[in-house]
Amino acid sequence: MACKKVETLTDLWAENGILTKDEYNSIIAHIKSCRDCSLKYSHLMPFINRDVNNHFTAGTLPEKDILSIQKYTGFHLTGSINPPIDSIMDNVLNAQNRFNRNRRLHRVMSAAAAVVIIFLSSIFLFSYIQNSKTEVLVKFSLTAPEARSVSVVGDFNNWQPSPLIPEGSGKNGIWELRIKLKKGRVYTYNFLIDGKTWIPDPASPIKVKDDFGGESSLIHI
Amino acid sequence: MLILLGVRLKQNHKQSDLEIVNKTLQGDTAAFKIIIERYRDYLYRTALAFLGNPEDAEDALQEIFINVYRYLGTFRLGMEFRPWIYTTALNHLKKIYRKKKKNLKFSARENEMLESLPDNSKGADPQILAEKRDTEAAVLRAVHLLQEDLRVVVTLYYLNEMSTREISEILNLGIENIKSRLYRARKILKKILKKNKTGL
């Protein structure tokens with residue numbers, strides 16, 4: 001076979017990835033006797049062999065020729081390479097043990113973190129409950145014998161009337177209501193008589209102008 | 001004893017990958033050794049072609065098996081194992097390659113490269129053996145010089161003798177795409193290997 005033909009066949013292979021076995025064998029036969037083509041194509045032969053014979057090895061060539069041409073065809077996937085199988089296995093198991101230890105440690109740390117969070121939450125909750133004890137019971141009281149109803153309205157109840165109740169038998173005209181309010185704040189409020197008349201608390205010494213031309217009482221607890 | 005060993009070897013040979021995976025998952029850690037035996041050489045060559053030098057390839061091989069063992073629980077029984085293990089291996093190799101890209105070079109120490117390849121031709125003509133191993137090193141070097149998308153496909157198709165269907169499963173690409181990459185790769189490989197040998 002002429003060198004030109006080998007060139008054409010290898011081009012054909014590069015183009016299509018296909019050669020017949022006869023074409024492949026003819027290339028092998030040629031490069032065994034042609035030094036130039038051997039230099040050019042011997043390293044390409046494992047690839048061509050894979051496409052022709054479905055193996056990256058000598059494949060279907062006659063047994064007596066395999067040894068002599070295997071230098072052209074390449075790979076045999078056996079033999080000893082590093083690291084050895086036992087060593088890989090040992091490292092796999094050691095790595096897995098380390099991983100498991102770390103995972104256990106991670107779980108312990110997560111559990112510890114959860115305990116800390118619960119503890120801190122408890123402190124927060126306790127503090128909240130404690131704070132609730134800083135509320136005080138405030139008695140709103142108004143003497144209004146003529147009134148049929150008295151309510152207290154203020155910023156502590158969003159200006160929604162909270163009705164006062166007549167004290168005792170109701171004959172003395174005193175209306176009262178006890179409301180829990182938080183300490184440390186200033187509240188603004190009025191009394192509402194018969195659902196229509198707004199007045200400030202006559203007993204409160206501090207009063208401020210409201211937005212409607214009237215007055216509201218202030219109380220600091 | 002020898003008979004027992006023979007039976008054991010025969011059993012190992014008969015067992016499918018899925019049976020071995022199942023055994024490993026059920027706590028038979030020794031079964032995993034058969035997986036290593038079956039895939040070590042293929043994955044080593046894949047790593048060598050991908051990373052270009054024996055030290056990185058050996059480290060990567062070790063790490064690949066550690067990952068495979070650790071995440072074996074995520075393998076769904078009923079699927080094929082070979083695509084799964086190669087997907088795991090390629091993901092790891094790509095990660096290493098991208099991380100070390102600047103520092104990775106094909107081993108300048110050719111002797112070291114050659115020494116790292118299997119020697120299974122005991123009794124063969126030393127000259128033929130030397131040339132065969134020279135071919136292996138040249139092939140791996142050429143594959144390593146390909147750009148990443150071509151290198152992956154060539155490594156799987158030629159070095160691991162996978163079908164285009166299998167490769168398309170592993171890479172989640174269409175078969176025509178794989179064939180197109182192989183076409184481009186063949187053209188480049190021919191140029192590289194010709195130039196390498198003749199100095200053209």
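Each chain gets a letter, A, B and so on, in the order its sequence line appears, and its residues count up from 1.
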Pair B:Y42, B:R82: side-chain N/O donor-acceptor within cut-off below 3.5 Å:
no
Within a 6.0 Å radius of atom NE2 on A:H220, are there more than 12 heavy atoms belonging to other residues, nucleotides or ligands?
yes
Can you confirm whether B:V152 sits close enough to B:L90 that some side-chain heavy atom of one is under 4.5 Å from a side-chain heavy atom of the other?
yes
Give the interface residues of residues 172-187 of chain B toward chain A, defined by a heavy-atom separation under 4.5 Å.
B:Y183, B:R186, B:K187
Side chain proximity check, B:L25 to B:V21, heavy atoms < 4.5 angstrom
yes
Donor-acceptor pair, A:N190 side chain versus A:V153 backbone, under 3.5 Å?
no
Do the ring centers of A:F140 and A:F156 come within less than 6.0 Å of each other?
yes
Take the angle between the ring planes of A:W13 and A:F47 and call it parallel below 30°, perpendicular above 60°, tilted in between.
tilted
Partner chain B: residue of A:N91, A:N16, A:N94, A:D86 with the largest heavy-atom pair count (under 4.5 Å):
A:N91
Side chain, backbone, both or neither: which part of B:V154 has a non-hydrogen atom closer than 4.5 Å to chain A?
side chain
What residue, out of B:F32, B:F65, B:Y69, B:Y157, has the most heavy-atom pairs lying under 4.5 Å from chain A?
B:Y157
